[in-house]
Every structure is written in structure tokens, then in C-alpha cells.
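Notes follow the structure.
Naming convention: chains lettered A, B, ... in sequence-line order (proteins, then strands); numbering from 1 in each chain. All values below come from the heavy atoms of this structure, side chains included, with hydrogens, waters and symmetry mates left out.
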Amino acid sequence: MFTMLNIHREVCGYCGACVSVCPEGALELIDAYLSVSDACVNCGICARVCPLGALEVTNEE
Amino acid sequence: MKSEYDVLVVGGGPGGAMAAKAAVEAGLSACIIEKRPAIGTPVRCAEGVGEELLTEFIDPDPRWIAAKIDGARIIAPDGGELNLAPDMAGNEVGYVLDRKIFDRELVWKAAEAGADVFVKARAVDAIVEDGLVRGAIVEYMGSRKEVRAMVTIAADGVESKFARWCGIDTAIPLAELETCAQYLMTDIDIDPGLTVFYLGNEVAPEGYVWVFPKGERRANVGIGISGKKSGNGHRARDYLDTFVRRHFPEGKIIELIVGGVSVCRPLPCTVANGLIMVGDAARLSDPITGGGIYNAMYTGNLAGKVAADCIGKGDVNREALAVYDRTWRESTMGKAIERNYKIKEYFITLDDEKLNMLINSAKKIKMDKFSTLTLVRELIQHNPKMLVELQALKKSLG
Ligand SMILES: Cc1cc2nc3c(=O)[nH]c(=O)nc-3n(C[C@H](O)[C@H](O)[C@H](O)COP(=O)(O)OP(=O)(O)OC[C@H]3O[C@@H](n4cnc5c(N)ncnc54)[C@H](O)[C@@H]3O)c2cc1C
Ligand code: SF4
Ligand code: SF4
């Protein structure tokens, strides 16, 4: 089992709030497309902050 | 896009536009790169700005002014109202802008003055050589190229990734990021000349709801709450929906705006070798109101001037550029940020009962000219129960 950050791009409003709080600098907004790099440590801070709830740290089999 | 400029500006918001304009007016070559395909959109702002502040840099123009504001009202958790006349409300009254047009106007002015501008041009990394920032790697039209500069100005807003690529930690602490949602609403009953702020831990924990008019029956209705109060089922948008259902159930939503504003202290140092950080990128929005348009314009303009001065003298090291950092910290803006940070730190400790007491007692206070210290002193007189904490606040403000 491993954890990963899921981006629900159909919910995301590409505002950059998550980018500004990520301690690892793992998020990047490419205009309207939010991308996550392998620097992500799945801490979930970004997921808490998102005003729309577009981010989610999930457990995968 | 040339491969070399005197000044490269990353980001085409108010901070970047003012920086590029000041640089070219001082005789330098400058280029703005903006990653979005259009300047000013999507909007991430409630668009309120103080009259005196704005007119320091630009004459008001009906093309980008949506409303003229002549008063503010604060609503306490218990519904008590505190009305602020213009001289009391200070920077909270002035204009509600149309930032789609306003931001363009500022970039136009920079371009007319001689700056190059490129949209859909994104900095993807910094060029750093021997500890000196020398420009950016820019992705443009499907390819990456080096754009070198004597001074690079990071005006990339709340994301503030450029400084990170230069090795500066710009991450905002979770508790000090206000996560925001806003609707541009139409067909609602409002006072078109009045901005309204709702406080309270139920309405907006460690934040507030704002109603900023944009015409007779339209307004930006939005909310910011602390990142630490946000989570599933209680996000900014959830609070906003609750507020709107209660206050404007008939209104129509014609735009959804989301965003983040920092309410932390500014970065401990806003320059590095060959680099100046301005506006939101330097965490310069006001810790109480979240307002950052003027702060970005002021620091952008200052950065362009300091860059020109230092390039002229042939020294763009951190020590030389530090004039920028010192100047804004000593400015009225810098002092207001520091003072308001302390007030914010106190305010977030208040429960609704205390908020009610303070707001309702403030109604009785008459001041000829607004001064934070006079206000606190008066509040102490009116709230003997809160004597100790208010005195501590007063002391911290010096
Ligand atoms: C919901 C909300 C409400 C607000 N309300 C108010 C208000 O009422 N009054 C007020 O004064 N302030 C308000 N603010 C704050 C205000 O919007 C900002 O302080 C202001 O826009 C800062 O200007 P700036 O130039 O520093 O950054 P921005 O205006 O954010 O501009 C930064 C630009 O840089 C671009 N960029 C980012 N990364 C790159 C890259 N790698 N390459 C190229 N370009 C890049 C971005 O696309 C953006 O266009 C509000 C903010 C929010 C989120
Ligand atoms: S905070 Fe949410 S809405 Fe904003 S860019 Fe991140 S995922 Fe998208
Ligand atoms: S989960 Fe943590 S490390 Fe990963 S992108 Fe979000 S904030 Fe960054």
C-alpha cells in the first residue's frame, strides 16, 4: 500500500493557494494545469488549504 | 524575446508591471514574462483599494473603476454594526476596481514606456551562477530558452516559486495562508457605496466575509479563512455558500473566484544577489485585510528604481540591493504591515463574545483622525474586562 496525492482537475480552480503552502515546492501551476512532482511527501497540507477541495491524499493498493 | 535584458520581471501582475515601467523609465531594458495567456485574468482578488494609495501611482479612470466607496461597515458576530466614515476607515474605502482591465492598463503603461511583454511565457527555473541570480529559463512557444538579466525581479505572486528556485524558502505556514472563495454576484440588495465586513468564528474562522460593491446591484461576495480552519466540509467555499444562502438567496453568481492570501510576516529578506522580490511573492499583503494591490505596486516601483540605481553603479549584490529591503520596511507601508501583523495575532485569539464587546464598544469612540494607538487606548477605557490583554497589545505596538 502507498499514499499519493490525487488532483481532481475538474474541481481545481487553478488559484495557486496550494502551491504557496507546499513545504517541498512540489506543486506547479502551468497556467490552468496543476502538476505535482516526485518531491511530494504526501503531507496533505495542500489538500487542507484548497478552497474547493480539489486535492486528496489517498491510500492505493 | 531577446536573450538578454538589464531587468527581467517574472509575473505580469501589478507588482511586475510597476517594476518594469520604473526600470525602463530609468533608462534600462526590461522584459515582463507572464505565464497566463492573458494579463489580469482569471481574477484572484476582491478588488478593493484605498483612494490615496491608488492615486499615488495612477489617476483613477472610469474604465477600470467599478465602484466608488464612501464608507465601511463591520458586522459583529451578534449582528451589531459599526459604521466607519471615510476618515475613520482610511484605506478600507476608496475604489472597487475591475482588475481585468486595471492589470492590463498597468502592463500597457509599462509596454508603452518601452518594456517588452510576453504572455504564455513561464519561468521554469532560475539561472544561478556562483550564487548570483542571472535570469530565468523561460518556456515559450513550446521551447525553453535562457533569458539573462543583470537583475531579476520576482513578481510571481502568491505562488512565489521563482525565489524558491533561487534557494529561498517562501512557503507560507498553513495557519497564515487565508484560503479564499468569492462570487461575483448580481441582482442583490446592497448599498452600492458601502463595503461590508462580517466577523465571527461561525461566519469566517480567523478571517472575514466581505461584500464589495461593483455597481448598483452587484458585488464581490467573498470569504477568507485561515488554512488551519479549512478541511473537508468546512472549506472557504462551504462557508461562502452558507453565507450566500442566508444573505443573498436570490442572487445570481456570474463568476467563481478562488485564491490564497498570505497574512504572515514578510520574508525576512526580500533581496539576494541579482534578485529582488516584490508584492505577494515577498509576502507583503496586509496581515489584517489581506490587501496587497498597493503593496505590490509600491514595492514593484521601488524595485525597478533600485535595480536601475544598482546596475548604474555596477553592483547588483545583495548588499547593494538591500536598499530596497530597508526602504520598504521603513516606509508607511512597511510599518503598517508590522503593526497590523501584531494586531492580527491578537485578533485571532478572540472568541465571538470578545469580538462583540470590542466592536460594540468601538461605536462609542469618536476620533478626529484615525490612529490605531488612540483606538486601542479608547478600547481599553471601554472594556475594563479586557484590560490586561488590550494593554499587552498596546505595549507590543510600541
Ligand atoms: C480572494 C482574494 C481577495 C483579495 N482582495 C484584495 C483586495 O480587495 N484588495 C487588495 O489590495 N488586495 C486583495 N488581494 C490581494 C491581491 O490580489 C494581491 O496582493 C495582488 O494581486 C498582488 O500583486 P502581485 O503583482 O504581487 O501578484 P499577482 O497579481 O498575483 O501577479 C503575479 C503574476 O505572476 C504570474 N506568474 C506566476 N508564476 C510565474 C512564472 N513562473 N512565470 C511567469 N509568470 C508567473 C501569475 O500568473 C500572475 O499573473 C486579494 C487576494 C485574493 C486571493
Ligand atoms: S488550491 Fe485547489 S483550486 Fe487552487 S490550484 Fe490548488 S488544487 Fe486548484
Ligand atoms: S501533499 Fe504535501 S508535499 Fe505533497 S504537494 Fe501537497 S503540500 Fe506538497
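Between B/Phe197 and B/Phe212, the ring centre distance stays below 6.0 Å. Aromatic rings from B/Tyr140 and B/Phe118 are positioned such that their centres are separated by under 6.0 Å.
When heavy atoms are compared at a cutoff of 4.5 Å, A/Glu56 does not approach chain B at all. Of the two parts of A/Cys50, the backbone and the side chain both hold a non-hydrogen atom closer than 4.5 Å to a non-hydrogen atom of chain B.
B/Arg122 has its side chain within reach of A/Glu28: a pair of non-hydrogen atoms, C-beta onward, lies under 4.5 Å apart. A 4.5 Å side-chain heavy-atom check between B/Met277 and B/Ile168 finds at least one atom pair inside the cut-off. Side-chain contact check for B/Ile127 versus B/Glu146: some heavy-atom pair is nearer than 4.5 Å.
Counting heavy-atom pairs closer than 4.5 Å to chain B, the top-ranked of the candidates A/Ala17, A/Ser20, A/Gly25 is A/Ser20. Among the candidates B/Lys228, B/Glu139, B/Glu159, B/Arg237, the residue making the largest number of heavy-atom pairs closer than 4.5 Å to chain A is B/Glu159. Ranked by heavy-atom pairs under 4.5 Å with chain A, the list B/Ala236, B/Gly260, B/Gly259 is led by B/Gly259.
Contacts from residues 29-36 of chain A to chain B, taken as heavy-atom pairs separated by less than 4.5 Å, involve A/Leu29, A/Ile30, A/Asp31 in sequence order. For residues 170-181 of chain B, the interface with chain A (any heavy-atom pair closer than 4.5 Å) comprises B/Thr170, B/Ala171, B/Ile172, B/Leu174, B/Leu177, B/Thr179, B/Cys180, sorted by residue number. Contact annotation for residues 31-41 of chain B against chain A (heavy-atom separation below 4.5 Å, listed by residue number): B/Lys35, B/Arg36, B/Pro37.
Residues passing the side-chain hydrogen bond (donor to acceptor under 3.5 Å, both in side chains) test with B/Thr242, sequence neighbours excluded: none.
Atom OH of A/Tyr14 is surrounded by 12 or fewer heavy atoms from other residues, nucleotides or ligands within 6.0 Å. The number of heavy-atom neighbours closer than 6.0 Å to NZ of B/Lys145, taken from other residues, nucleotides and ligands shown, is above 12.
Panel note: side chain B/Lys161, backbone A/Leu27; a donor-acceptor pair is recorded below 3.5 Å. Judged purely by atom type and a 3.5 angstrom limit, B/Asn295 uses its side chain to pair as donor or acceptor with the backbone of B/Leu284. Panel note: side chain B/Tyr208, backbone B/Gly200; no donor-acceptor pair is recorded below 3.5 Å.
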**Q.** Audit row: A/Asn6, A/Thr58, side-chain hydrogen bond (donor to acceptor under 3.5 Å, both in side chains) steps and yes/no
**A.** CA-CA 7 Å; A/Asn6 279 306; A/Thr58 53; 2.5 Å; yes

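With respect to the salt-bridge test (charged N to carboxylate O, under 4.0 angstrom), the residues B/Glu255 and B/Lys100 qualify.
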